[in-house]
Amino acid sequence: MDIFSVPLFLFVILINAAPIAGIVLIIRRAKDSESLPGIGTTRRLFLYGLAFISLMLATSGVTMLIASVLQGIFDTSIGRGDSSGQTAFGLAATIVGFPIWLLLMRAGSKSLIIYPSEAGTLGRKFYAYGVMMVSAIVVAFTATQILSSILGFDNVEVSGLAAPLVWASVWYFHWRTESREGQASIVAITVKHLYVYLTSAYSLIMLAVSVSFLLHSLLADAYASLFFDSFRNAGMNDLWGDQVRASAAVAIIGGFWWWFHWHRATDGDHTSELRVAAVYVLGIFGGLAVTVSSASSSG
């Protein structure tokens with residue numbers, strides 16, 4: 001719909017521009033920490049880059065395995081057809097990815113003992129918050145699908161529970177690890193702020209767009225009930241359709257994710273450059289752009 005074109009356009013700009021701006025800011029601030037002792041930039045990039053890839057592989061494999069098991073328990077189809085191929089790939093990905101990730105993380109832990117300054121390096125923080133960024137997106141998308149089925153009182157596909165549970169566990173593990181480790185340098189603080197405010201931004205867009213759709217649907221239904229007799233005979237299924245349920249689910253997940261990152265994950269910080277940028281770009285410029293666009297299209 002036209003009323004959603006502007007927030008979706010802002011979302012595309014945000015996804016493409018924010019990481020670039022954040023990386024430029026981080027690299028500019030990382031110059032001061034290059035002189036600190038450590039394992040070296042090349043070795044660090046190899047260590048945490050490979051750790052990221054192996055964790056993504058292992059997490060995908062575990063997700064497939066759990067989904068196959070749940071499907072086998074409730075659908076009695078494990079070992080046959082597509083489920084068999086999914087199980088085989090999940091098992092192979094887990095066997096290959098998980099041990100590699102453990103070895104790399106052990107090497108990273110040893111480097112922290114020898115060089116405590118490694119805790120605040122760009123490579124280590126990019127790995128941790130990169131994992132959390134991917135996990136947060138996967139959790140938001142898959143949880144929305146599950147919640148939409150629950151709100152519609154439909155039969156929930158039990159195998160679909162595997163993805164949000166596994167990826168949420170990965171997110172929580174890295175979040176707790178980062179909470180204990182802390183941010184030992186200004187580079188580490190900047191990487192955390194990039195993750196927190198970028199996640200807050202797209203979660204707020206999810207919330208705003210879904211609430212707009214819900215209000216649009218309610219107003220359209222109210223108008224139809226007043227002026228069209230055929231609508232008065234419609235059942236509850238027409239009022240609580242698939243798109244309305246999906247919008248409600250997106251609003252709930254997006255609202256929770258925004259509340260957590262904007263209010264709980266910032267540790268009382270209200271002065272960072274990225275937070276100010278998010279307020280101006282989304283809160284002020286985004287709000288004005290959507291208001292003007294909606295008003296002009298209505299006219």
Side-chain angles (χ1 to χ4, degrees), residues 19 39 42-113 118-119 121 123-150 155-181 191-192 195 199 202 253 257 260:
I39 62 176
T42 303
R43 185 178 178 186
R44 192 180 299 123
L45 289 176
F46 172 81
L47 175 66
Y48 293 111
L50 189 56
F52 178 87
I53 295 173
S54 60
L55 181 60
M56 294 297 102
L57 181 64
T59 305
S60 300
V62 173
T63 301
M64 291 183 179
L65 282 178
I66 295 178
S68 297
V69 170
L70 292 175
Q71 183 179 355
I73 293 174
F74 292 93
D75 296 340
T76 63
S77 59
I78 192 169
R80 301 200 303 270
D82 295 337
S83 178
S84 179
Q86 178 176 315
T87 304
F89 181 83
L91 186 61
T94 304
I95 292 175
V96 172
F98 190 66
I100 295 176
W101 176 76
L102 284 178
L103 290 174
L104 293 170
M105 285 295 97
R106 185 176 181 182
S109 299
K110 288 182 178 180
S111 69
L112 288 179
I113 298 175
E118 279 291 317
T121 56
R124 183 175 179 84
K125 295 307 178 182
F126 246 58
Y127 156 77
Y129 287 105
V131 169
M132 282 190 279
M133 174 64 75
V134 174
S135 301
I137 293 173
V138 175
V139 169
F141 178 74
T142 54
T144 295
Q145 293 180 316
I146 297 297
L147 184 58
S148 178
S149 298
I150 294 175
N155 293 326
V156 177
E157 187 176 350
V158 180
S159 60
L161 295 172
L165 291 176
V166 173
W167 286 94
S169 300
V170 171
W171 179 91
Y172 181 76
F173 172 79
H174 286 79
W175 179 259
R176 292 299 303 168
T177 301
E178 281 299 301
S179 299
R180 291 193 300 267
E181 189 173 291
V191 174
K192 178 183 178 181
Y195 160 74
T199 305
Y202 77 70
I253 300 299
W257 228 210
F260 176 83

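Since this is a predicted model, take the numbers as computed values, not measurements. Side-chain atoms are counted along with the backbone in the values below, which use heavy atoms only and exclude waters and symmetry mates.
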Going by the side-chain contact (heavy atoms from CB on, under 4.5 Å) test, name the single residue among Thr63, Thr142, Val131, Ile137 that passes it with Trp167.
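Going through Thr63, Thr142, Val131, Ile137 one by one, the side-chain contact (heavy atoms from CB on, under 4.5 Å) with Trp167 is satisfied by Thr63 alone.
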Those residues that, when tested against Trp257, pass side-chain hydrogen bond (donor to acceptor under 3.5 Å, both in side chains) (two or more places apart):
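Counting only residues at least two positions away or on another chain, Trp257 forms no side-chain hydrogen bond (donor to acceptor under 3.5 Å, both in side chains).
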Restricting to ring pair (Phe, Tyr, Trp, His ring centres under 6.0 Å), what partner residues turn up for Phe260, sequence neighbours left out?
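Ring pair (Phe, Tyr, Trp, His ring centres under 6.0 Å) list for Phe260, sorted by chain: Trp171, Trp175.
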Measure across [X] and [Y] and return the closest heavy-atom pair with its distance rounded to 0.1 Å.
| X | Y | answer |
| --- | --- | --- |
| Ser54 | Ile100 | CB-CG2, 3.9 Å |
| Thr199 | Ala136 | CG2-CB, 4.4 Å |
| Ala67 | Gln86 | CB-NE2, 3.5 Å |
| Ser111 | Glu118 | O-CG, 4.1 Å |
| Val158 | Leu70 | O-CD1, 3.4 Å |
| Ala58 | Gly97 | CB-C, 3.7 Å |

Between Arg44 and Phe126, is the side chain to side chain contact (heavy atoms under 4.5 Å, CB included) condition met? List the steps.
CA-CA 11 Å; Arg44 192 180 299 123; Phe126 246 58; over 6 Å; no
Is a side-chain donor or acceptor of Lys125 paired with a backbone partner of Gly130 at a separation under 3.5 angstrom?
no
[X] side, atom [atom1]; [Y] side, atom [atom2] - distance, nearest 0.5 Å:
| X | Y | atom1 | atom2 | result |
| --- | --- | --- | --- | --- |
| Trp101 | Leu50 | CH2 | CG | 13.0 Å |
| Arg176 | Glu178 | CZ | CD | 12.0 Å |
| Leu47 | Leu103 | CG | CG | 11.0 Å |
| Glu181 | Leu112 | CD | CG | 5.5 Å |
| Leu55 | Phe98 | CG | CZ | 9.0 Å |
| Gln71 | Thr87 | CD | OG1 | 8.0 Å |

If we check ring pair (Phe, Tyr, Trp, His ring centres under 6.0 Å) with His174, which of these qualifies: Tyr129, Phe52, Tyr127?
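When ring pair (Phe, Tyr, Trp, His ring centres under 6.0 Å) is applied between His174 and each of Tyr129, Phe52, Tyr127, only Tyr127 qualifies.
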Taking C-beta and beyond as the side chain, do Arg43 and Tyr48 meet within less than 4.5 Å on heavy atoms?
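No. Closest side-chain heavy atoms not under 4.5 Å.
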Within-4.5 Å side-chain heavy-atom neighbours: Leu165 and Ile66:
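The answer is no; the side chains never approach within 4.5 Å.
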